[in-house]
Amino acid sequence: MGRLDGKVSVITGAASGIGRASALRFAAEGATVVVADLAREAGAALAAEVGGLFVEVDVASEPSVKAMYDEVVAAYGGLDVIFNNAGISPPEDDSILTTDLEAWDRVQRVNLTSVYLGCKYGIPLLLERGGGSVINTASFVAVLGSATSQISYTASKGGVLSMSRELGVQFARQGVRVNALCPGPVNTPLLRELFAKDPERAARRLVHVPMGRFAEAEEIASAVAFLASDDASFITASTFLVDGGIHAAYVTPL
């Protein structure tokens, strides 16, 4: 038996990166996977691969998120796991001195408001089942600062962390666990693009990882599957760091 047998799971931003790796891992663990993304072709292909459902969703739109959950309930009757994973990190989001209000607002909507919407309309479905697990993607930047700033991204992830902590406490006695996943830098297309565009800035990041490398998406997916499963039954409101030790490092090994 898989750790997620019989669990209906929604993963936003599932068509690529951590979301895709998590969808594959969830399916391998026995879950029914709802692949939620704006990328229709890639999302539908992944849903077919895992034997699940693709739902096209704009996670920053309240009607779109409500419609997504309606579709999930119509297809499967309920919901057990929510992985609010979708997010962006556009180049326009940089130093506070250069990031304009439009860029700030866009990142906040996609990274933070989306989690608010995902929880607002998803947690009631978990309560109907008597409980469940919510995993919200924050970041290691929610717990430490960086001189290579992405000011709105950092602020949005701090908001995800604080919101997850509060929800985890609020719903703990109703059987709903809410945890903030805080990955370190992950070897995804987004990060590889950063390396290609600005090797100097990328190198400044890598030197701070005690393990000397970035995570693979599958490693983060393993942490997500754990938090989604009953193996994590006494873990809620946590800052779940999967960052290769960055948060603890002052000087890294040679």
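Just so it is clear, the values below take in all heavy atoms, side chains as well, and ignore hydrogens, waters and symmetry mates.
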Test item: [X] side-chain N/O and [Y] main-chain N/O as donor-acceptor pair under 3.5 Å:
X	Y	value
S222	E218	yes
D80	V8	yes
T12	N85	yes
S133	L227	yes
Q108	S152	yes
K157	T137	yes
D100	A103	yes
R20	A217	no
N187	F214	no
T252	V207	yes

Could you tell me the separation between the [atom1] atom of [X] and the [atom2] atom of [Y], rounded to the nearest 0.5 Å?
X	Y	atom1	atom2	value
I135	F226	CD1	CZ	10.5 Å
I246	L206	CD1	CG	9.0 Å
T32	K7	OG1	NZ	11.5 Å
Y76	E71	OH	CD	9.5 Å
R177	S233	CZ	OG	6.5 Å
M163	S156	CE	OG	10.0 Å

Would you check if [X] and [Y] make a side-chain contact, meaning some heavy-atom pair closer than 4.5 Å?
X	Y	answer
I123	L167	yes
D58	R109	no
I151	W104	yes
D243	C182	no
L117	Y69	no
S146	T154	no
V81	F26	yes
L4	R25	no

Kindly work out whether a path of hydrophobic side-chain contacts (I/L/V/M/F/W/Y, heavy atoms less than 4.5 Å apart) joins [X] to [Y].
X	Y	result
F83	L24	yes
M211	V141	yes
I11	V35	yes
Y121	L53	yes
V33	M68	no

>> Determine whether R165 and T239 satisfy the following criterion, side chain to side chain contact (heavy atoms under 4.5 Å, CB included), listing intermediate values before the conclusion.
In response: CA-CA 8 Å; R165 184 186 300 125; T239 304; 4.0 Å; yes
Identify the two heavy atoms, one from [X] and one from [Y], that lie closest to each other, and give their separation to 0.1 Å.
X	Y	answer
V34	V55	CG1-CG2, 3.8 Å
L127	F171	CD1-CE2, 4.1 Å
A223	V242	CB-CG2, 3.7 Å
A23	L46	CB-CD2, 3.9 Å
P183	V186	CB-CG2, 4.1 Å
A86	G13	CB-N, 3.7 Å

> Going through the distances and angles, do N111 and V160 end up as a side chain to side chain contact (heavy atoms under 4.5 Å, CB included)?
Replying inline: CA-CA 8 Å; N111 290 6; V160 170; 5.6 Å; no
>> Can you tell me if L144 has over 12 outside heavy atoms packed within less than 6.0 Å of its CG?
In response: yes
> Should we say atom CD of E216 is surrounded by more than 12 heavy atoms from elsewhere, each under 6.0 Å from it?
Replying inline: yes
> What do the steps show when you test D93 against R106 for side chain to side chain contact (heavy atoms under 4.5 Å, CB included), and what is the final call?
Replying inline: CA-CA 9 Å; D93 179 21; R106 180 178 172 229; over 6 Å; no
